[in-house]
Amino acid sequence: MKDSGRFDPAVADVRWQRRWDDERCFIADTDSGKPKTYVLEMFPYPSGRIHMGHVRNYTMGDVLARYRRMQGFEVLHPMGWDAFGMPAENAAMERGVHPDGWTRSNIAAMRDQLKRLGFALDWSREIATCDPEYYGHEQALFLDLYEAGLVYRKESEVNWDPVDMTVLANEQVIDGKGWRSGAEVERRKLSQWFLKITDFADELLDGLEGLGDWPEKVKLMQANWIGRSDGLRFRFEIAGEGAECDYPWVKAALAAAPEVEVFTTRPDTIFGASFVAIAPDHPLAQAVASENPDAAAFIAESKAGGTSAAEIETQEKRGFLTGLQAVHPLEPDWRLPVWIANFVLMEYGTGAVFGVPAHDQRDFEFATKFDLPIRRVVARADQDKDTPIGDEAEPGEGVIVNSRFLDGLSVDEAQQAVIRRAEDEGWGTRKTVYRLRDWGVSRQRYWGTPIPMIHCERCGPVAVPRDQLPVLLPDDVSFDIPGNPLDRNEAWRNAACPQCGGDARRETDTFDTFVDSSWYFIRFASQPIDKPFDSSEAEQWLPVDQYIGGVEHAILHLLYARFWTRALKRIGRLDIDEPFSGLFTQGMVTHETFRGADGRWLAPDEVRKDDQGNPIDAAGVPATRGRVEKMSKSKRNTVDPEPIVAKYGADAVRWFMLSDSPPERDLEWSEAGIEGAARFVQRVWRLASGSAGGEGEDAALARRVNRAVAAVGEAVDSLQFNKAVAQLYELVSAIEKAPPSSDRTKAVRTLVKLVAPMAPHLAEECWESLGEDGLVVTSEWPKFDPALLVEDEVTLAVQINGKLRDTLTAPRGLDRAEAEALALASDKVQRQLAGASPRKVIVVPDRLVNIVA
RNA sequence: GCCCCUGUGGCGGAAUGGUAGACGCGCUCGACUCAAAAUCGAGUUCCUAACCGGAGUGUCCGUUCGAGUCGGACCAGGGGCACCA
């Protein structure tokens with residue numbers, strides 16, 4: 001290595017990785033007595049190859065883990081595999097491979113790729129969620145929650161492909177059609193298992209306040225997702241007299257329920273109501289449909305399309321007039337028509353709303369379309385009760401008008417007045433509702449954790465007895481027909497009822513993979529054979545001090561994991577409130593997408609540019625340039641780091657991923673710049689290997705090093721790796737320029753330590769070359785002297801009217817008058833002022849003087 | 001449609017309301033070399049031949065002695081929307 005004078009990663013990387021392994025450097029010892037810290041990156045789905053997003057994510061975590069270890073912490077930094085999921089079944093269907101074999105070989109390949117990058121991981125704790133040793137414990141935890149009453153069964157809608165006769169994931173619904181069959185997707189109800197996350201809505205919302213080390217935007221998104229809102233829940237009676245009552249469907253509805261309950265967050269606008277709208281699934285709508293074929297047809301039509309909110313909410317707003325008349329609770333003679341509307345959701349509130357077109361945009365559009373009255377009941381200061389409503393609704397603040405006893409009140413006052421009156425008169429109550437819905441965990445798929453329940457015709461659903469866990473996935477399954485192979489596997493499906501011993505059948509649904517990822521961080525901390533985790537051992541490591549992963553998980557995964565942790569606490573299994581005390585959401589690594597002429601996604605290495613720079617495929621056929629999106633297997637826009645690691649070495653790739661782009665920001669992948677990282681690696685190596693020695697002090701360099709130690713530490717602590725990198729570049733330049741001295745020799749040694757978390761192989765090689773004992777990984781992070789951070793000369797900016805006119809060097813600590821005098825003495829200032837005297841002078845000590853002329 | 005975020009040189013980006021463009025990439029010129037690679041040095045926002053100066057952080061408006069930073073409106077891009085993970 002020293003022969004060539006160059007650092008050779010092909011040799012060094014392997015060498016040091018083996019050494020770290022041999023010395024068990026990264027095995028976390030629960031009993032070491034050192035202060036503990038838990039650094040965790042979101043575990044990957046084993047899609048086959050790692051991509052640049054993984055490299056970025058795991059490099060960040062690795063830098064922090066190595067830095068903390070050098071600071072003297074006992075660090076838990078584990079890795080595993082979120083191994084269940086749809087792609088394995090897709091591979092099975094497309095290529096006839098078994099999901100298990102496919103997944104295992106992917107894990108093996110990706111583990112090798114991660115090891116090649118030299119991450120400081122405790123591989124002794126590796127887990128894959130598809131291991132029975134993992135999912136069996138998950139089944140046990142589910143039964144714990146079931147016994148605690150936190151699990152129930154209810155009907156819920158899924159995307160149904162009527163041709164393939166199978167349930168589709170939202171991702172498999174493209175423009176309302178099944179991805180394979182191309183058939184129009186329908187919404188169909190299925191009985192499924194739910195976890196009562198709504199029981200924890202308040203806790204999960206209030207708990208956000210204690211999460212000081214979480215990004216504000218994530219907390220905001222979670223709060224909005226939980227969506228607590230206060231309002232009034234009240235009943236409209238359905239009028240029992242009038243011509244409409246002779247309609248058979250109105251009779252049927254009246255027989256089913258003579259009233260409809262609604263929820264509103266705007267009770268103040270109650271006199272602006274022009275209609276009542278109910279969900280197609282509402283019992284009243286169902287009753288109407290039983291006697292009215294048109295209503296039935298409308299409801300059936302509204303079931304077309306997928307279940308995703310994006311799809312439902314962008315659908316055209318449609319309504320069906322039922323003929324039912326709702327009685328206004330404050331004006332007994334006032335009747336509101338009842339509509340069935342496709343935009344009202346049964347899942348939120350009561351599945352019924354009253355429409356106030358003047359002050360709600362959706363109601364406004366509905367009223368405009370169906371020619372319903374638009375009545376102002378809130379007026380801003382520049383409006384009165386007769387100001388017409390313009391082209392859109394006015395949802396804002398103001399004074400109540402056209403509203404009897406509410407006139408003149410503010411929105412807030414009116415809300416309280418209406419709620420009080422409703423409660424006094426007994427037709428409504430104050431109510432808090434949540435946007436958050438319970439968590440449906442049933443998936444009609446094979447490659448997941450079997451739900452440990454047995455359905456018995458006599459006893460109903462019965463839990464699988466603990467001594468029969470784990471419920472193993474059967475191996476003998478085929479994927480030649482669409483649908484869940486567990487359903488067709490008679491031998492596996494048939495079971496005796498644990499309660500009555502009679503014939504029964506296993507639950508063939510498996511868990512949502514978010515269940516698997518809701519507790520893996522606990523299993524990392526403690527992995528006994530006979531139970532999911534040991535509470536006291538897990539509590540020694542938890543909560544995770546720093547969790548790092550993509551922003552795309554800002555809501556679902558993080559909320560489910562928070563819920564699971566709190567549920568475990570409630571049932572007395574784990575005394576932890578929040579699973580992740582620190583969270584960092586890294587930006588995504590994005591890349592261009594391309595589609596070939598046949599519409600299939602093309603991988604980046606399948607696309608070339610023609611003479612005009614237009615994309616063409618390997619055969620020269622023009623390709624379409626798609627959007628720049630996060631790297632994902634499905635869009636085929638991933639970039640495999642392996643050839644780049646092979647060419648430049650692990651450290652250059654790690655360094656490059658940390659440079660330049662702020663870690664929270666999205667990064668559009670480009671290879672331009674990796675050369676610079678490789679060059680930096682060699683620069684550091686030259687400093688360390690060609691170390692000239694030297695005598696005497698270099699106080700200026702020592703100060704410079706001191707400043708770098710402070711700045712790099714601060715940057716890494718706050719995960720601003722790009723700033724740490726810039727600091728290190730500056731430090732290297734400074735050392736290179738400094739003449740030999742004892743301070744320079746020390747500076748090189750400090751530099752190697754500072755670089756170690758980011759470029760660990762290089763650092764070890766340098767450390768050895770400097771003749772130091774032991775490993776850099778286990779050496780101590782350098783300290784700095786805060787007193788040396790203060791410079792005694794400062795540069796003063798001199799502005800006139802806020803524009804920079806001069807800069808002056810001045811001793812630190814000038815008072816205002818001195819600074820002002822100095823600034824006014826400047827030639828450039830005098831020339832600009834041209835004899836005029838300043839009207840005002842603003843002095844920011846040691847920074848700037850602004851002369852207002 | 002709803003919620004959240006982002007927007008600064010040719011590129012990635014830096015900048016507690018106080019000198020916009022640190023640092024890196026790229027490019028240009030120079031040194032070293034027979035030559036190249038590597039390395040080292042200088043330069044590099046735009047306009048103006050140059051100086052002086054002027055403009056400039058997606059757009060418009062505002063707050064302020066002073067705005068990339070704070071507020072409002074808008075435009076563009078990205079993420080999430082409960083069965084992708």
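Quick note on labels: first sequence line is chain A, next is B, and so on, each numbered from 1.
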*Look at all strands and tell whether Leu436(A) reaches a base, only sugar-phosphate, or nothing, counting heavy atoms closer than 4.0 Å.*
base
*asked:* Let's go through Asp806(A) and Gln799(A) carefully: what are the C-alpha distance in whole Å and the side-chain angles of both, what is the deciding distance for side chain to side chain contact (heavy atoms under 4.5 Å, CB included) to 0.1 Å, and is it a yes or a no?
replied: CA-CA 7 Å; Asp806(A) 200 1; Gln799(A) 298 180 330; over 6 Å; no
*Report which part of the nucleic acid Thr314(A) touches: base, sugar-phosphate, or nothing (heavy-atom distance under 4.0 Å, all strands).*
base
*Euclidean distance for C1', rG1(B) against rU69(B) (whole angstrom)*: 32 Å
*Remember a base hit wins even if backbone is also touched, and classify Met588(A) as base, sugar-phosphate or nothing at under 4.0 Å, heavy atoms.*
sugar-phosphate
*Say you pick atom C1' in rC25(B) and the same atom in rG17(B); how far apart are they, in whole Å?*
31 Å
*With Arg153(A), which residues qualify under side chain to side chain contact (heavy atoms under 4.5 Å, CB included), at least two apart?*
Ser191(A), Trp193(A), His455(A), Pro461(A), Glu507(A)
*Would you classify Ser517(A) as touching base, sugar-phosphate or nothing, given that sugar-phosphate means primed atoms plus P, OP1 and OP2, and contacts are heavy atoms under 4.0 Å?*
nothing
*Contiguous Watson-Crick or G-U pair runs (3 or more, under 3.5 Å) in RNA chain B*: B:1-7 with B:75-81, B:10-12 with B:23-25, B:26-31 with B:39-44, B:45-47 with B:53-55, B:58-62 with B:70-74
*On RNA chain B, nearest-nucleotide positions of Gly676(A) versus Asp660(A): which is more 5'?*
Asp660(A)
*Results of side-chain hydrogen bond (donor to acceptor under 3.5 Å, both in side chains) for Thr449(A) - residues two or more places apart only*: Glu138(A), Asp516(A)
*Determine the contact category for Thr795(A): base if any of its heavy atoms lies under 4.0 Å from a base atom, sugar-phosphate if only primed atoms, P, OP1 or OP2 are that close, otherwise nothing.*
base
*Classify the nucleic acid contact of Gly440(A) as base, sugar-phosphate or nothing, counting any heavy atom under 4.0 Å across all strands shown.*
sugar-phosphate
*With a 4.5 Å limit on heavy-atom distance, are the side chains of Ile197(A) and Arg437(A) in contact?*
no
_Thr513(A) vs Glu552(A), nearer the 5' end of RNA chain B by closest nucleotide_ = Glu552(A)
*With sugar-phosphate meaning primed atoms plus P, OP1 and OP2, does Ser661(A) contact a base, only sugar-phosphate, or nothing at under 4.0 Å between heavy atoms?*
sugar-phosphate
_Boundaries of the RNA chain B segment in contact with chain A, non-hydrogen, under 4.0 Å_ = rG1(B) to rA85(B)
*asked:* At 4.0 Å (heavy atoms only), tell me whether Asn722(A) reaches a base, stays on the sugar-phosphate, or touches nothing.
replied: sugar-phosphate
*Under 6.0 Å between ring centres, would you say that holds for Phe84(A) and Tyr45(A)?*
no
_For Arg445(A), give me all partners under side-chain hydrogen bond (donor to acceptor under 3.5 Å, both in side chains), at least two apart in sequence or on another chain._
none
*Please work out if Arg445(A) contacts a base, only the sugar-phosphate, or nothing of the nucleic acid, heavy-atom cut-off 4.0 Å.*
base
_Need the glycosidic conformation of rG26(B): syn if within 90° of 0, anti if not. Which one?_
anti
*Verify the ring-centre separation between Trp439(A) and Phe194(A): is it less than 6.0 angstrom?*
no
*Touch check for Phe343(A), heavy atoms < 4.0 angstrom, all strands: base, sugar-phosphate only, or nothing?*
nothing
*How is Val852(A) classified with respect to the nucleic acid when contacts are heavy atoms under 4.0 Å: base, sugar-phosphate, or nothing?*
sugar-phosphate
_rA38(B) versus rA31(B) - spacing of their C1' atoms, nearest Å_ = 14 Å
*With ring centroids as reference points, do Phe43(A) and Tyr520(A) lie under 6.0 angstrom apart?*
yes
*Using a 4.0 Å heavy-atom cut-off across all strands, classify Val167(A) as base, sugar-phosphate, or nothing.*
base
*Checking all strands, does Arg679(A) fall into the base, sugar-phosphate, or nothing category for heavy-atom contacts under 4.0 angstrom?*
sugar-phosphate
_Going by side-chain hydrogen bond (donor to acceptor under 3.5 Å, both in side chains), name the pairs with one or both residues in residues 840-850 of chain A, residues two or more places apart or in two chains._
none
_Can you tell me how the ring of Phe366(A) sits relative to the ring of Phe343(A), calling it parallel under 30°, perpendicular over 60° and tilted otherwise?_
perpendicular
*Across the strands shown, which category fits Leu220(A) at heavy-atom distances under 4.0 angstrom: base, sugar-phosphate, nothing?*
sugar-phosphate
